[in-house]
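Reviewing the structure listed below.
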Amino acid sequence: MKPYVICLMHSSLDGRTHPSRWRPKGAGTDWFEKIHEELGGDAWVIGRVTGSEFAKGKPYPEISGEKFSRENWFARRDAKTYGVVLDAQGKIGWGRSDIGGDPIVAVLTESVPDSHLAGLRGEGVSYIFAGKSEIDLALALDILNRELGVKRLLVEGGGVANGAFLRAGLIDEFNLILSPAIDGASGAPFVFDSTAADGGKRAPLTAMTLESVRELGGGVLLLRYLIKNDPHESAG
């Protein structure tokens with residue numbers, strides 16, 4: 001069963017997501033965590049690049065040691081909220097087992113080395129397998145729901161991860177915190193993006209309904225859209 005998926009992002013008026021580049025500076029940048037808490041997800045998910053920014057360790061050493069079956073492994077199942085990180089090839093050495101008190105769950109593919117699994121287990125980081133060499137997002141959501149009871153998931157970037165969820169037809173709602181600022185230069189990430197390989201794939205969106213507009217103060221808006229996807233197109 002698929003959780004209800006809300007994409008939450010904070011951007012400038014030109015859709016860029018690095019506040020340090022925005023002008024004027026500091027426009028509404030304190031709202032993200034507040035809205036995140038309000039939305040009350042059972043879990044939140046980020047991509048590998050964003051996840052790496054939270055890591056405190058180095059990649060786990062490649063040792064010829066214990067072999068592990070490619071089965072989901074959980075250090076904890078009792079958390080109120082989980083921090084889920086997409087890390088298909090097992091690149092992140094965590095050096096921690098939680099982010100802001102939320103236990104980390106790494107989403108891997110079966111191609112990761114045994115040494116990476118040993119490293120995750122040693123640090124108490126849960127992991128699930130969702131694909132052979134590429135992550136099947138629908139499968140990952142099904143596992144999170146079935147194994148950890150996740151019913152409400154917040155997708156929070158970066159742009160490539162958001163775009164992957166969008167193209168897979170998995171986003172039910174989009175909440176955008178829109179700040180009165182502009183980046184205005186090349187090289188910054190967007191709210192939704194793709195890898196070069198996925199650049200030609202289109203999202204199966206059939207409708208976006210503006211559910212509400214909320215003024216947060218200082219010219220900052222919270223836009224809430226409900227999304228309708230074509231299940232046949234996304235399945236294909």
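Just so you know, these numbers use all the heavy atoms, side chains as well, and skip hydrogens, waters and symmetry mates.
- Residues passing the ring pair (Phe, Tyr, Trp, His ring centres under 6.0 Å) test with W94: none are found, sequence neighbours excluded.
- Considering only heavy atoms from C-beta on, T206 stays 4.5 Å or farther from N229 through its side chain.
- Remark: D183 engages R21 in a salt bridge, criterion side-chain N to carboxylate O under 4.0 Å.
- Salt-bridge formation is detected for the pair E38/R214: a Lys NZ or Arg NE/NH1/NH2 atom is positioned less than 4.0 Å from an Asp or Glu carboxylate oxygen.
- Within the 4.5 Å cutoff, the side chain of L153 has no heavy atoms near those of the Y4 side chain.
- Look at K2 and D172 and you find a salt bridge, because one of the NZ, NE, NH1 or NH2 atoms lies within 4.0 Å of a carboxylate O, short of that distance.
- Within a 6.0 Å sphere centred on NZ of K34, heavy atoms belonging to other residues, nucleotides or ligands number more than 12.
- Linking ILVMFWY residues whenever their side-chain heavy atoms come closer than 4.5 Å, directly or via other members, places V155 and L148 in the same cluster.
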Step-by-step side chain to side chain contact (heavy atoms under 4.5 Å, CB included) determination, V84 to L144: CA-CA 9 Å; V84 181; L144 291 171; 4.1 Å; yes
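- Looking at T109, its side chain does come within 3.5 Å of a backbone N or O of A88 through a donor-acceptor pair.
- Hydrophobic clustering places I182 together with L223 (ILVMFWY residues linked when any side-chain heavy atoms are closer than 4.5 Å, directly or through intermediates).
- Here the straight-line distance linking atom OG of S97 with atom CD1 of I104 works out to 6.5 Å at 0.5 Å rounding.
- We find the CD1-CG distance between I46 and L154 to be 12.0 Å, quoted to the nearest 0.5 Å.
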Give the intermediate values and the outcome of side chain to side chain contact (heavy atoms under 4.5 Å, CB included) for residues N72 and F129. CA-CA 6 Å; N72 303 326; F129 292 99; 4.1 Å; yes
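- With hydrogens and angles disregarded, a donor-acceptor distance shorter than 3.5 Å links the side chain of H116 to the backbone of G90.
- Checked by atom type and distance alone, the side chain of D198 never pairs as donor or acceptor with a backbone atom of K201 at under 3.5 Å.
- Hydrophobic clustering (side-chain heavy atoms under 4.5 Å, transitive across Ile, Leu, Val, Met, Phe, Trp, Tyr) keeps L226 apart from L210.
- Y225 and V5 fall within a single hydrophobic cluster, where Ile, Leu, Val, Met, Phe, Trp and Tyr are joined by side-chain heavy atoms under 4.5 Å apart, directly or via other members.
- The environment of E147 atom CD is dense: over 12 non-hydrogen atoms of other residues, nucleotides or ligands sit within 6.0 angstrom.
- Classification of K132 and E110 as a salt-bridged pair holds, one side-chain N sitting under 4.0 Å from a carboxylate O.
- Side-chain atoms of R16 do not come within 3.5 Å of backbone N or O of H18 as any donor-acceptor pair.
- Interatomic distance, CG of L108 versus NZ of K91, reported as 12.5 Å (0.5 Å rounding).
- Between R224 and E173 there is a salt bridge, since at least one side-chain N of the basic residue sits less than 4.0 Å from a carboxylate O of the acidic one.
- Between R48 and V85, the closest side-chain pair of non-hydrogen atoms is not below 4.5 Å.
- Rounding to the nearest 0.5 angstrom, the gap separating the CZ atom in F32 from the CG atom in N175 is 10.0 Å.
- Listed by first and then second residue, the ring-ring contact (aromatic ring centres under 6.0 Å, His included) pairs that reach into residues 166-221 are F174-F192, sequence neighbours excluded.
- The side-chain heavy atoms of L86 and F165, taken from C-beta on, include a pair separated by under 4.5 Å.
- Below 30°, between 30° and 60°, or above 60°: for W22 and H10 the angle between ring planes is above 60°, a perpendicular geometry.
- The closest donor-acceptor contact from the side chain of S11 to the backbone of L178 lies at 3.5 Å or more, if one exists at all.
- Note on V213: it does not cluster hydrophobically with I6, by side-chain heavy-atom contacts below 4.5 Å among ILVMFWY residues.
- Residues L141 and L170 come closest through the heavy atom pair CD1-CD1, 4.1 Å.
- Across all non-hydrogen atoms, the minimal contact from G124 to A75 is O-CB, 3.3 Å.
- Across N145 and K151, no two heavy atoms sit closer than the pair ND2-CG, 4.3 Å.
- In terms of heavy-atom proximity, V150 sits nearest to P3 at O-CG, 3.4 Å.
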Run the numbers on R146 and M1 for side chain to side chain contact (heavy atoms under 4.5 Å, CB included), then give the verdict. CA-CA 7 Å; R146 186 174 66 245; M1 183 175 158; over 6 Å; no
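- Between the R152 side chain and the L39 main chain, a donor and an acceptor come within less than 3.5 Å of each other.
- Between the side chain of D14 and the backbone N or O of G184 there is at least one donor-acceptor pair closer than 3.5 Å.
- One finds the CG atom of D193 at 11.5 Å from the CG atom of L166 (value rounded to the nearest 0.5 Å).
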Side chain to side chain contact (heavy atoms under 4.5 Å, CB included) for N162 and I171? Distances and angles first, verdict last. CA-CA 9 Å; N162 293 345; I171 296 177; 5.6 Å; no
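- Atoms OH and CD1, on Y60 and I92 in that order, are 9.0 Å from each other to the nearest 0.5 Å.
- Annotation for K58: atom NZ does not count as buried by contact number, only 12 or fewer foreign heavy atoms lying within 6.0 Å.
- A salt bridge between D114 and R70 is present, with a side-chain N of the basic residue lying under 4.0 Å from a carboxylate O of the acidic one.
- In summary, the side chains of R121 and Y127 do present a donor paired with an acceptor at a separation below 3.5 Å, with no hydrogens or angles considered.
- Summarising the geometry of R167 relative to V160, their closest heavy-atom pair is NH2-O, 4.4 Å, with the distance given to 0.1 Å.
- When all heavy atoms are compared, the tightest approach of A181 to S12 is O-CB, 3.2 Å.
- Checked against side chain to side chain contact (heavy atoms under 4.5 Å, CB included), V220 has the following partners two or more places apart in sequence or in another chain: W31, I177, S179, P180, L216.
- You'll find the side chain of L221 reaches within 4.5 Å of the side chain of E215, heavy atoms only.
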